[in-house]
Structures are given as C-alpha cells and as structure tokens.
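These notes concern the structure reproduced below.
Chain letters run A, B, ... following the sequence lines, proteins first and then strands; every chain starts at 1.
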There are 2 protein chains.
Amino acid sequence: MTSPSREPVRPTLEQVAARAGVGRGTVSRVINNSPQVSTEARQRVLAAIRELGYVPNRAARALVTNRTDSVALVLCESDERLFSEPFFASLVRGVSAELADTDLQLLLALSQTGYERDRLDRHLTRQYVDGAMLVSLHGDDPLPEKLEARGVATVLGGRRPSSNQSISYVDIDNRNGARRAVEYLISQGRRCIATITGPQDMSAGVERLAGYEDALRAARITVNPNLIVAGDFTQRSGETSMRELLDRVPDIDAVFAASDLMAVGALTQLRATNRSIPGDVAVVGFDDSLLAQHANPPLTTIRQPVEAMGRRMVRTLLARIADRAAPPTAELMDTELIVRASA
Amino acid sequence: MTSPSREPVRPTLEQVAARAGVGRGTVSRVINNSPQVSTEARQRVLAAIRELGYVPNRAARALVTNRTDSVALVLCESDERLFSEPFFASLVRGVSAELADTDLQLLLALSQTGYERDRLDRHLTRQYVDGAMLVSLHGDDPLPEKLEARGVATVLGGRRPSSNQSISYVDIDNRNGARRAVEYLISQGRRCIATITGPQDMSAGVERLAGYEDALRAARITVNPNLIVAGDFTQRSGETSMRELLDRVPDIDAVFAASDLMAVGALTQLRATNRSIPGDVAVVGFDDSLLAQHANPPLTTIRQPVEAMGRRMVRTLLARIADRAAPPTAELMDTELIVRASA
DNA sequence: TTGAAAGCGTTACCAG
DNA sequence: CTGGTAACGCTTTCAA
C-alpha cells in the first residue's frame, strides 16, 4: 500500500508482557487488579502499558468472561415523543445517576421502525450487553423473553398489557394516578367527566383508563362510553379527541387526559370553542411535564416519579445480573396530584 | 425443570455443525452468506440453526473480524439540554434515518459528568464500536484523536474551538447564521443591538458571537462591549443576562440571543420590565426550536439544518470506516432566517 | 464444495 | 508469586 494508510497499532497483552519481561498471566493480573502480583512486577507492567499505550481488547475479554460491562436502555418510541416528553429525560437521568457507582457503561438504543427493531433484536441477542432495560414496549413484544433466554438480564419499564409476569418490571402506578386525578375532579363537583385515553396497546394507556373508571364507580357515577375517546398520547390526538367529545356530549364539565400533551391539545380545542377553563370545563393531565406549567392555563396534572423509577430499574437489573436464578420482581411507583389552574 | 436456575444455553457454531453433519467452516459460510455452499448443505445448516436457536457470538466474531457492526453517537451534554433542545432530537432523527440502509446499530452514549466521561473514554477506546460521532464537545477535548489513534473512525458534529483539523467534522454555519440574524435586525432599523452569547468554550458560542460582530462591522456600527454578555444556552442565563444588559444600557432596541432558550429567558425579563416586543426591543433567537413557535410573542430565529447535519455525519463516518487513510473532511451546513413576531 | 486447522487477544487454571 | 497452557467461539486460509 502506497497510501498513507496509518493502520492503528493496538499493542496486545503479549507485547506488554514481553516489554515488561514477564508472562502474559502477570500482565492480566495487573490489569484486573489482582493482589497476587509483586510490587516490582506490577511497576514494570504498568510502565510497559504506559509506554506502549496498551488498551485491553474488549472482544477478547468478552469472549472469555462472557461479560461486556455495559447495559442498554432500549427506547421503543418515536424520537418525536422521545425528546418532547420529559418522561425520557427524567428516566435517563435516574438511570445514569444510579449507574454512576458502577463500572457499567450505559448505551441508549432506539427502535422506532420495524426495521430498526429487527436490527436491535439481532444486536441485543448477540450478547452485546450484560443487561437491558426496555421502556415503553408496545403490544405483547416477545423481545424480553428472547433476551432472557439468550442470557441477557432484562428489566421492563412499564408493564406489558398481558399479565405475563416472567420478566421483572418497574412501573408507575398508572391506575391509581388516574384514579386520583378523576377523584379530584369529582371532589370539585364535576359530574360529566370525559377522558381521552392513551393507546390501548400500552399498559399505561390501559391502566389510566381503568383508574378513570375506578374513580367514577367509587363515586357511583355511571361510566358513559360516549365520554371515552381513544387518543395516542400526541397533542394532535388531544385536539381531535376533544372535538369528538364535544360533538358527542356538548355539556361536558371536565376532561381527564391520559397525558399532558393530549391535555394541551384539549385545551386548544376548548378555547377554540369558547369554553372557559376551568369555568366551563376542568382539565387534568398526566405526567407533569414542562408543558404542564407553561400551558394556558397551567395544567393540573399527575406527577410520576420517573427518575426514581429509572434508579429502581437499574437496581433491579443489577440484582438480576448478579443472580440469574432469582424470581422476577414487580414494583409500582406512586404518583402525586399537582393542582394548578386548569382544574 | 424444577430448578429455577435456568442457565441460558448458547449453542455454538460447533454444535450447529455437528447437528447438520458438516464442518464448522461450512456453517460459518452459511451464516456469512458465502455463495460457496451447496444448496443441500445450506438447507441442513439452516435447519440446524433454527432447531438449536443458534445466534452467533458477537465477541468471538469481533475478535477475528475486528468489527462490531455498531457505531456510537456521543452526546456530551447535560440531559437537561439534551432533552429540552430539539437540536438533539433532530440530530438523532437524521442519524437514524441515514443509518437505516446500513446494518450498523446505533448506540447513544451520554457523558455529562467527568466520571461518566472517563468511563465512556475507556469503553470507546476498547474497540467497542466501529465508529463514533461526537457532538457538542466542550473545550479542546482530546477524545477524538485518541479514538482515531485506537482505530475508531471518528466524526465531529460541530467544530472544536481550536483550529485543529485532524478530525473530520460537519458543522452548522453558525457564524453566517448569527450574522444573518443581526443583519435582519439592522435592516429593521435597530441600532442598539445587544447579544447574549453561548458558552465560549464551544465553537457554536464563539462563532455566533463572531457573526454578530461581523454584521455590526459590515454596517459600520461600533461593537460595544457593554452590549455583549455571556450566557450558557440556558433559559435562566437568558433572563439574568437580559437583566444585566438592561442595567448596563437601558435603551437597547434589539437583542440577538445565541439560542432560543436564552431568547425566551430574555423575553420573560423584558416583559417583567414592561418593555414591548418588538416595539421597544426586538428579539432574535437561534435554533428554531419548538419553543420559538410557542414563545410569547413567537420568536424570530435562525433555523439550523440539524437533521441534514446528522445524515451527513453518518455519510462522513461511513466513508471513514471504509477508508481510514482518507484525509479529514470539513463541511458547513447553511442556515435560514425564520421571521416571526418578536422582531 | 468442503473439512481441518490455525489463529484472534484474553482469562483462568496449573504446576512450579 | 509466576509463567505456561488450555480454552472462549468464530473466521479464514489451505488442502483435499
């Protein structure tokens, strides 16, 4: 090759050993902080490592140890939601914080399209990481079981719709949170309470609807199907759903939206039809996102302990990595009602 | 099985070969789509793979091929900025889209604290990925050179402050964009134009300030140091900087903020001191984030082609992975002025 | 077209 | 405490 091809030289353990005048084994021990090395040998090895700029080869190590010292946080979500919803920011913050004490590197993997999903599947199952935290899985995704079967420790953030309980999970108590929101509306004297639901292929969507119904039933208010319309967590769906609700039942006096984004959409639509908030219609959201504070009027909503959830997911994952034989665990994190001007 | 200890069994290539009644080599060829395999042998191997649920071991493969089939997008930013600024969402979108044609898995790696930074450094240099795209590096980080030296193809998103040009980069033309913003203010008759800068250890911060000065000089307006105050891209710094500017020079008639977030902070402060916008003071931001549309009044700003930048970074990276000997490239992406109500 | 065999760079188990 | 010697699971010649 005449080209300036500066093939990067990666010194190997063997070269370090040669340079330090010791055997491979000793170098390996030094690298892995084994105490079984004489001070002198250690010095010589460290010097050689420095001089050669030696860096261990991860693949070789992984091959023999079966560990990669990294874990993945898998986000099955459109990057639109991913970055517009504070949920993910808080989650990442919690996960990072909890991982700080560890030597594990955090990798985020996104998978939005089906194609990306397949590629991710392939990568994850090939023992790419020691563990995976899967967030906002849709439908009854078989990925978690697959990963566990392949030896990748797995924890779910948010349950799956099915009651399948073979994989550990940490979830927000969505049902109770929604119930809390609707109870509040009832306590404010509202009686014709509608809801804009989340997608019904996600547990958060299903649970929040269930909580809405719980609260109504507890107050002996009949659940009216006309007051329930399906959204998909987006602002746009909040708008269109609100329009539909008003068409169906013009004298609605309150709405529980299963996400702040949808609540904001509902607000827009309510204003567009000249309804006062909360005078004519009270609105409660879910998430306590930044949007909630800045909405007009500021949104009463349910705050989720997302950061804490991230931390707990990590702890659960670490436990699972440490002991693959332990039975799966389930945990629910409690929510909080944040009262602002919209209800 | 009564024992809960279900140690996951990973069948090896060898077992597949045995089951199919062929040699290791043949199985390997089938997996790698080599045409040099008889149809019959291929069928038998594929059947064996299916029956055993075989998945290749990545570490073993990486060890011999020296490839990992994955690339990292490294984001050296607080998760606050990461998720509040649409910049990163767009970037990820562009990168993902461009990677869709490839078999490369995208991994996001965050590094905010110094500790995380070290861990990331260790991971990246250990041949964890085939290539890395580094975004919003602060100061004169030596990481890129280190990676290239270790054989990891590297591309920068955004230049570094120094003129060091040993690593390929793709950048927004921040200087021209800022200049464009300020020229617009001048064209609107503004003369006492202040600026709230970005951090001066980031090229975006430095360049946008330079563009501000360019425009002023071109219009023969003296650059007044009292009209320049340093922010850090956060909304809070926008507020405090605006307060400081008004203290220093009460009759400011325009402000160019180096980010939308800071511009929004400035708006808040201007309203707090009963100034009309743009009547008394015109405000221009930078980014064209979602915030810009929703600000009160909607923000005139500079739009960056972030998604396109992401795509280009990927193309540059792929080229570099394919040919390590090629000289580093440099590219600037052009910006666009978006006129709204604030100026 | 195919099987056998030689590594790839580490770790881990052995005697010494 | 240490050096030698097996693995680890795969790709890739090299003959056959």
Side-chain angles (χ1 to χ4, degrees), chain A residues 7-46 48-49 52-69 103 122-123 125-128 130 150-151, chain B residues 7-46 48-49 52-69 103 122-123 125-128 130 150-151:
Chain A
E7 194 57 26
V9 218
R10 281 189 157 263
T12 71
L13 217 180
E14 174 123 37
Q15 294 170 36
V16 173
R19 172 132 196 164
V22 302
R24 284 196 277 286
T26 303
V27 178
S28 178
R29 281 175 213 119
V30 170
I31 291 169
N32 295 292
N33 287 314
S34 159
Q36 318 267 58
V37 185
S38 69
T39 322
E40 199 213 317
R42 180 180 305 274
Q43 295 309 332
R44 291 227 305 279
V45 170
L46 289 175
I49 287 178
L52 262 39
Y54 168 77
V55 179
N57 179 316
R58 154 168 309 280
R61 177 181 297 196
L63 185 57
V64 44
T65 61
N66 259 309
R67 287 181 305 98
T68 66
D69 295 318
D103 255 321
R122 252 176 291 143
H123 263 76
T125 52
R126 294 183 183 189
Q127 171 207 59
Y128 203 88
D130 297 339
R150 291 270 180 275
Chain B
E7 192 56 27
V9 218
R10 283 189 155 265
T12 72
L13 217 179
E14 176 122 35
Q15 295 171 35
V16 174
R19 173 134 197 160
V22 302
R24 286 193 275 287
T26 302
V27 178
S28 177
R29 283 175 209 116
V30 171
I31 290 168
N32 295 292
N33 287 315
S34 161
Q36 318 266 57
V37 184
S38 70
T39 321
E40 199 216 317
R42 179 181 305 275
Q43 295 310 332
R44 291 226 305 280
V45 169
L46 288 175
I49 288 178
L52 263 38
Y54 170 77
V55 179
N57 178 316
R58 152 168 311 279
R61 177 183 296 196
L63 185 56
V64 44
T65 61
N66 261 310
R67 286 179 307 96
T68 66
D69 296 319
D103 255 323
R122 251 176 292 145
H123 263 75
T125 53
R126 294 181 182 190
Q127 168 208 59
Y128 204 88
D130 296 339
R150 292 270 180 274

query: Between B/H123 and B/Y128, what is the ring plane arrangement, given parallel below 30°, perpendicular above 60°, and tilted in between?
result: tilted

- prompt: Rounded to whole angstrom units, what separation is found between the CD atom of A/E14 and the P atom of C/dG7?
  reply: 12 Å

With sequence neighbours excluded, residues passing side chain to side chain contact (heavy atoms under 4.5 Å, CB included) with B/R122: A/D103, B/D118, B/R119, B/R126

query: Between A/A48 and A/R19, what is the shortest heavy-atom contact and its length?
result: CB-CG, 3.7 Å

- request: State, to 0.1 Å, how close A/R10 and A/V55 come at their nearest heavy-atom pair, and which atoms those are.
  value: NH1-O, 3.7 Å

message: Under 4.0 Å, heavy atoms only, any strand: does A/N66 hit a base, just the sugar-phosphate, or nothing?
response: nothing

query: Quick one: the side chain of A/R29 and the base of D/dG3, do they pair up donor-acceptor inside 3.5 Å?
result: yes

query: Heavy atom of residues 18-26 of chain B under 4.0 Å from DNA chain D: which residues?
result: B/G25

- prompt: Would you say D/dC8 has OP1 or OP2 under 4.0 Å from some side-chain N or O of B/N57?
  reply: no

field: Short side-chain N/O contact from B/S28 to OP1 or OP2 of D/dT11, under 4.0 Å
entry: yes

- prompt: What distance separates B/L63 CG from A/R61 CZ, expressed to the nearest 0.5 Å?
  reply: 13.0 Å

- request: Taking only heavy atoms on the protein side, list every residue of residues 36-43 of chain B lying under 4.0 Å from any atom of DNA chain C, sorted numerically.
  value: B/Q36, B/V37, B/S38, B/A41

- line: Winner on side-chain proximity to A/A60, out of C/dT11, C/dT10, D/dT11, is C/dT10

